[in-house]
Amino acid sequence: MTTKLVVVGQGYVGLPLAVAAAEHGYQVVGYDTDESRVKKLAVGDSFVGDVTSRRLGAVIDRGTYRASIDTEDLDAFDIAVITVPTPLHEGVPDLSFIEAAGKALAARLRPGATVILESTSYPGTTEEVLAPILRDGSGLEPGADFHLGYSPERIDPGNPEWTFETTPKVVSGIDAASLERVRAFYADIVHEVVLAKAPRVAELAKVMENTFRHVNIALVNELATHAEGIGVDVWDALEVAATKPFGFMRFTPGPGVGGHCLPVDPLYLSWKVERASSKRFRLVELADELNNAMPEYVVRKLTRGLDRRHQTVTGARILMLGLAYKPGTGDIRESPALPIARLLIEAGATVRFADPHVTEEPGIPGLTQVKPDPEEVSRAHAVLIVTDHDEFDYEAIAASARYIFDCRHRLPLSKDIESL
């Protein structure tokens with residue numbers, strides 16, 4: 001018997017899951033409320049770099065995947081996975097997307113079915129928020145009548161080694177039977193499954209992973225802002241420190257953090273800690289402050305570099321390389337490139353960007369997308385490397401550029417190439 005799987009949310013997390021499951025024989029409905037997104041997916045047009053249009057088209061042709069905006073297509077599901085956004089509004093978690101997904105599934109929940117939450121949130125969300133919605137909307141009791149669990153997403157867009165299938169998958173359930181159902185589902189489609197004792201453990205593990213990265217990136221970013229003042233190249237120091245085979249993990253400075261995870265998820269943990277104990281999670285708050293300050297720091301250093309070349313930022317022509325938040329992806333959510341572009345435009349610069357992965361409009365008036373050809377590079381008063389995609393020809397860019405400010409240390413430093 002074919003198992004019907006509903007994946008609620010067809011973004012950077014939901015689509016890779018849905019397609020992987022469809023490839024493994026599940027009958028998958030990829031549900032999303034974005035009509036334009038669903039129309040594209042329905043004809044095999046993927047906007048997610050980790051899922052090619054060819055791969056998406058193959059499961060559509062096979063009849064194991066279809067995208068839908070119609071809630072009636074959620075009927076009679078055996079397994080449902082919620083992969084919707086969990087944004088912050090003024091520092092407060094917004095769980096409205098989870099709540100809406102829960103209500104839609106509750107109306108179609110049958111005894112014996114399984115519901116899994118993947119969206120990142122604070123510890124307690126599965127049992128305190130989602131479970132009551134499913135219970136009230138269906139009249140069924142979690143655990144007794146249907147299975148419920150949490151499995152944090154670990155998607156790293158653009159990572160060819162650690163894909164959805166090869167990254168160990170943490171799973172949890174509200175009881176032993178739920179845990180087994182959740183484990184069995186993911187064991188079908190990923191290489192390794194890791195059992196967590198309870199949903200709260202898995203929820204905390206997820207935000208802990210992202211908080212670890214957030215804090216350590218903040219550390220090296222702050223070091224980068226101080227190293228010049230003490231006469232040390234922070235990149236040289238990092239190279240030396242990274243030779244230690246134990247007790248050190250290398251993180252590198254950059255123009256800030258982006259994507260959904262780092263700018264958002266640690267603050268979910270901070271909010272939960274303060275709500276539960278009336279105490280502030282000061283390390284997370286400081287890391288957020290330091291990382292959020294990096295775009296302004298980049299603009300200040302770039303402005304000083306232009307001044308040394310007798311060019312004011314007002315009236316300068318700036319070419320930004322990369323608009324996505326990380327290499328190998330077109331995802332611009334929370335990308336530090338966006339505030340950098342805004343600050344430069346507000347200062348009176350003419351800003352253009354090149355990014356081979358970005359297809360959506362950034363929504364910044366005056367920001368134009370171009371190709372990084374020799375003519376475009378040579379016309380710029382400064383080339384600003386924000387996201388170091390491998391597709392850029394760095395040697396050619398260095399040969400044509402007048403001045404490069406390299407936020408990623410992709411090029412060797414020289415009199416015309418500076419870094420953080």
Side-chain angles (χ1 to χ4, degrees), residues 4-75 77 80-87 96-98 100-101 104-105 118-119 153 155-160 163-165 189 258-261 322-335 337-338 353-364 367-369 371 387 389 391:
K4 180 176 179 179
L5 167 68
V6 167
V7 181
V8 182
Q10 290 295 277
Y12 289 91
V13 175
L15 186 61
L17 165 62
V19 170
E23 290 171 337
H24 283 79
Y26 285 82
Q27 195 69 38
V28 182
V29 173
Y31 174 79
D32 203 288
T33 57
D34 186 331
E35 186 173 359
S36 63
R37 175 179 291 181
V38 168
K39 285 181 177 178
K40 289 181 179 179
L41 293 175
V43 296
D45 183 6
S46 174
F47 68 97
V48 175
D50 293 340
V51 177
T52 64
S53 293
R54 182 176 181 179
R55 187 179 168 202
L56 175 61
V59 291
I60 292 174
D61 293 343
R62 194 182 304 160
T64 54
Y65 172 87
R66 62 191 174 103
S68 176
I69 196 171
D70 188 348
T71 54
E72 290 187 4
D73 287 331
L74 307 181
D75 286 345
F77 70 84
V81 183
I82 299 172
T83 63
V84 296
T86 48
S96 60
F97 294 100
I98 292 179
L105 293 173
E118 278 207 10
S119 304
E153 61 89 2
I155 296 291
D156 187 17
N159 190 329
T163 64
F164 170 78
E165 292 87 349
I189 56 178
H260 176 272
C261 293
L323 200 70
Y325 83 92
K326 62 170 288 185
T329 178
D331 190 352
I332 64 172
R333 293 176 301 169
E334 307 294 334
S335 172
L338 301 179
F353 81 93
D355 194 308
H357 295 276
V358 171
T359 57
E360 65 180 296
E361 289 293 326
I364 300 177
L367 183 61
T368 305
Q369 187 166 13
K371 299 289 186 183
T387 313
H389 294 301
E391 288 84 352

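- A 4.5 Å side-chain heavy-atom check between V48 and V19 finds every atom pair outside the cut-off.
- Heavy-atom minimum distance, Q369 versus V358: NE2-O, 3.3 Å.
- Rounding to the nearest 0.5 Å gives a distance of 7.5 Å between CD of Q27 and CZ of R66.
- Side-chain contact between E23 and V59 is present, with at least one heavy-atom pair separated by less than 4.5 Å.
- Closest of all the heavy-atom pairs between Y325 and R333 is CB-O, 4.2 Å.
- Taken from CD1 in I60 to CZ in R55, the straight-line distance is 12.5 Å, to the nearest 0.5 Å.
- Atoms CD1 and NE2, on I189 and H24 in that order, are 7.0 Å from each other to the nearest 0.5 Å.
- Within the model, atoms CD of Q10 and CD1 of I69 stand 12.0 Å from one another, a figure rounded to the nearest 0.5 Å.
- In this structure, OH in Y26 is found 10.5 Å from CG in L17, a value given to the nearest 0.5 Å.
- Shown here for A42 and A67, the closest heavy-atom pair between the two residues is N-CB, 4.1 Å.
- Using a 4.5 Å heavy-atom threshold, the side chains of L105 and F77 count as touching.
- Within the structure, side chain to side chain donor-acceptor pair (under 3.5 Å) pairs that include any residue of residues 37-54 comprise D32-R37 (at least two apart or interchain).
- T387 is not listed as a side-chain neighbour of F353, based on a closest heavy-atom distance of 4.5 Å or more.
- Separating the OG1 atom in T83 from the CD1 atom in I155 is a distance of 9.5 Å, to the nearest 0.5 Å.
- Annotation for F47: atom CZ counts as buried by contact number, over 12 foreign heavy atoms lying within 6.0 Å.
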